[in-house]
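In the text below, chain A, chain B and the rest are named by the order of the sequence lines, each starting its count at 1.
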2 protein chains.
Amino acid sequence: MTQPEQVVEPTGTGDEQQGRPGRKRDHSRDPEILEAALDILAECGYDGMTVDMVAARAKAGKATLYRRWPSKAHLVIDAVACMKRAQHQAPPPDTGTLRGDLVAMIRPPGIADGQRKMQVMGGLVSLLAREPELVEAVDEAITEPRVRQNRIVLERARDRGEIRADADLELVAHIGPAMASYRTLVQRRQVDREFLVRIIDEVVLPALGVPPGDPTG
Amino acid sequence: MTQPEQVVEPTGTGDEQQGRPGRKRDHSRDPEILEAALDILAECGYDGMTVDMVAARAKAGKATLYRRWPSKAHLVIDAVACMKRAQHQAPPPDTGTLRGDLVAMIRPPGIADGQRKMQVMGGLVSLLAREPELVEAVDEAITEPRVRQNRIVLERARDRGEIRADADLELVAHIGPAMASYRTLVQRRQVDREFLVRIIDEVVLPALGVPPGDPTG
DNA sequence: CAGTTCCGAAAATGAACAGTTCCGGAATCA
DNA sequence: TGATTCCGGAACTGTTCATTTTCGGAACTG
């Protein structure tokens, strides 16, 4: 567990399908295994997860996992990295108003996705305490993608003159993830559409100086 | 670990000091042990904590812990409950303005205290995933005390007519804890006075309709 | 002082689990 | 078909840790 180091080989590059004559190692099962690892991680946390659980969930042998990853820690790190790669790099919506953009970012798949990401984050919290060098990788995979999108729509709104020019956008871009992680990890309540809209209308927009009875969006 | 159930006997009721002739069990060492447990919990998390660590930190024998608590889980639950009892029930400040109250609630001891409480929370996150019935107890011990104080000053401000009458105070009262837990657990950054003041001025007060260039406070 | 009680230290016990190794079968190769 | 490779399943090894016991000594009792 000491310094698992970043696993280098990327996964799911898209050029494999099944048993290929390659002489190296067959990575065709990686996606299922990494998904299984994320599932277990979200359910049980890093310490509660066992390699047997992951193997069973992926219908693979434990030996298969160890043929591919040198340790449980490496597997988890790769799974988190995979999460980042899987990020749909879709640009944020551009509806013309900030509220429109923010609300449009709430889509059913995004909610379920975000819920799981938060639970994975919860499963990693105790690990992060022991391995601070993982903080950046986890942040990059889980919260940054969302924050980046928030930044984009916020900056656009600022450039349009829709919001206070001196607002602390960096702080505001983190409000959503912060409230969502708090609700998921601490309060253990559902993050649903109603909650997210309330955050937008009651916290984010007011922080930007947008009047409550929104004329736009 | 299954259903540890609430430990009943309260600790540190104040009527013991050292080796008393009592016929039952001597609880005089409880406070040191529970504090040690909280320290380790904050540092290592529930799964990373071992009973030996707690015993060593408290300069007690492991057997002593097992004479007093039936299991590691019971010890931790009692430690969390103890945290709640230790809450200084000091009423929130009443400076006459909302901002004054909120800023006055930031005191050096309170910051360090809050930091540790958040780290204890982090150490419990993975446990909460496995034992949902603990969520309420943990919440009650860690976040509720702060939220309750927030509620009081917010309601006072509303009654003074200082803020929007229709603001969602329940939501706003959770902004501080949410941002603090996010910063501590996810971002692993310091929660310092500057950060807390920024939350108040950039997020909380705007959400309540208080103009940015605060005339009060 | 002899008896009693409690405690800390340390050794013992047993289960869970990371990491290894083996094995038989299926798919691929030649 | 026979050789080769990979895989899943299962048994094995070594370590860590919760929990239990044991033991010798300190403090208190009478």
Side-chain angles (χ1 to χ4, degrees), chain A residues 1-5 7 16-34 36-37 40-41 43-79 123 126-127 130-131, chain B residues 1-4 7 16-33 36-37 40-41 43-79 123 126-127 130-131:
Chain A
M1 182 174 303
T2 47
Q3 295 193 145
E5 300 178 10
V7 175
E16 81 289 57
Q17 201 50 36
Q18 66 251 100
R20 193 182 23 158
R23 74 216 53 214
K24 282 291 187 184
R25 178 70 63 183
D26 180 14
H27 290 179
S28 60
R29 294 294 310 284
D30 280 17
E32 290 95 314
I33 295 171
L34 293 172
I40 305 288
L41 199 53
E43 274 175 42
C44 313
Y46 180 80
D47 297 294
M49 155 181 358
T50 74
V51 176
D52 290 275
M53 285 183 203
V54 177
R57 173 86 53 126
K59 293 187 205 309
K62 185 161 54 159
T64 302
L65 305 208
Y66 279 100
R67 282 181 201 116
R68 174 69 180 77
W69 293 276
S71 76
K72 173 180 167 180
H74 284 79
L75 167 63
V76 167
I77 291 171
D78 209 19
S126 65
L127 184 61
R130 280 170 277 170
E131 310 282 346
Chain B
M1 185 178 301
T2 49
Q3 294 192 150
V7 176
E16 80 288 58
Q17 200 51 37
Q18 64 249 102
R20 194 183 20 159
R23 74 217 52 214
K24 282 291 187 184
R25 178 72 61 184
D26 180 14
H27 290 180
S28 59
R29 295 293 310 283
D30 281 16
E32 289 95 314
I33 294 171
I40 305 288
L41 199 52
E43 275 175 41
C44 312
Y46 180 80
D47 297 293
M49 155 185 354
T50 73
V51 177
D52 291 272
M53 287 183 200
V54 177
R57 173 85 53 123
K59 295 189 204 307
K62 189 161 46 162
T64 302
L65 305 207
Y66 280 99
R67 282 182 200 113
R68 174 67 181 79
W69 293 277
S71 75
K72 172 180 168 179
H74 284 81
L75 167 62
V76 167
I77 291 170
D78 209 19
S126 64
L127 185 61
R130 279 169 279 170
E131 310 281 345

Self-check item: Under 3.5 Å on both distances, the Watson-Crick or G-U partner of D/dG30
Solution: C/dC1
Quiz item: Rounded to the nearest 0.5 Å, what separation is found between the CZ atom of A/Arg130 and the CG atom of B/Asp47?
Solution: 7.0 Å
Self-check item: Sugar-phosphate only, base, or nothing, as touched by A/Met53 at under 4.0 Å among non-hydrogen atoms
Solution: nothing
Exercise. Assign B/Ala55 to base, sugar-phosphate, or nothing according to its heavy-atom contacts below 4.0 angstrom with the strands shown.
Key: nothing
Measure from the side-chain heavy atoms of [X] and tell me the nearest of [options].
X: A/Tyr66; options: C/dA10, C/dG19, D/dA18; answer: C/dG19
X: B/Thr50; options: C/dC17, D/dC17, D/dT21; answer: D/dC17
X: B/Ala63; options: D/dC7, D/dA10, D/dT22; answer: D/dT22
X: A/Ala60; options: D/dG8, C/dT21, D/dT19; answer: D/dG8

Quiz prompt | side-chain contact (heavy atoms from CB on, under 4.5 Å) evaluation trace for A/Arg57 with A/Ile40 | solution = CA-CA 8 Å; A/Arg57 173 86 53 126; A/Ile40 305 288; 3.4 Å; yes
To the nearest Å, how far apart are [X] [atom1] and [N] [atom2]?
X: B/Leu75; N: D/dC17; atom1: CG; atom2: C1'; answer: 15 Å
X: B/Asp47; N: C/dA15; atom1: CG; atom2: P; answer: 21 Å
X: A/Arg68; N: D/dC6; atom1: CZ; atom2: P; answer: 14 Å
X: A/Ile40; N: C/dA18; atom1: CD1; atom2: P; answer: 12 Å
X: A/Met49; N: C/dA16; atom1: CE; atom2: C1'; answer: 16 Å
X: A/Arg67; N: D/dG9; atom1: CZ; atom2: P; answer: 12 Å
X: B/His27; N: C/dC6; atom1: NE2; atom2: C1'; answer: 13 Å

Practice problem: Grab the two heavy atoms, one from B/Arg29 and one from B/Lys59, that are nearest each other, plus how far apart they are. | Solution: NH2-O, 3.8 Å
Quiz item: Closest approach of B/Met49 and B/Cys44, non-hydrogen atoms and distance?
Solution: N-CB, 4.0 Å
Quiz item: Got a donor-acceptor pair under 3.5 Å from the side chain of A/Arg29 to the base of D/dG8?
Solution: no
Quiz item: Under the 3.5 Å rule, do the base of C/dG19 and the side chain of A/Lys62 count as making a donor-acceptor pair?
Solution: yes
Self-check item: B/Val51 side chain near B/Trp69 side chain, heavy-atom distance below 4.5 Å
Solution: no
Practice problem: Would you kindly compare A/Asp52 and B/Lys59 by the position of their nearest DNA chain C nucleotide and give the one closer to the 5′ end? | Solution: B/Lys59
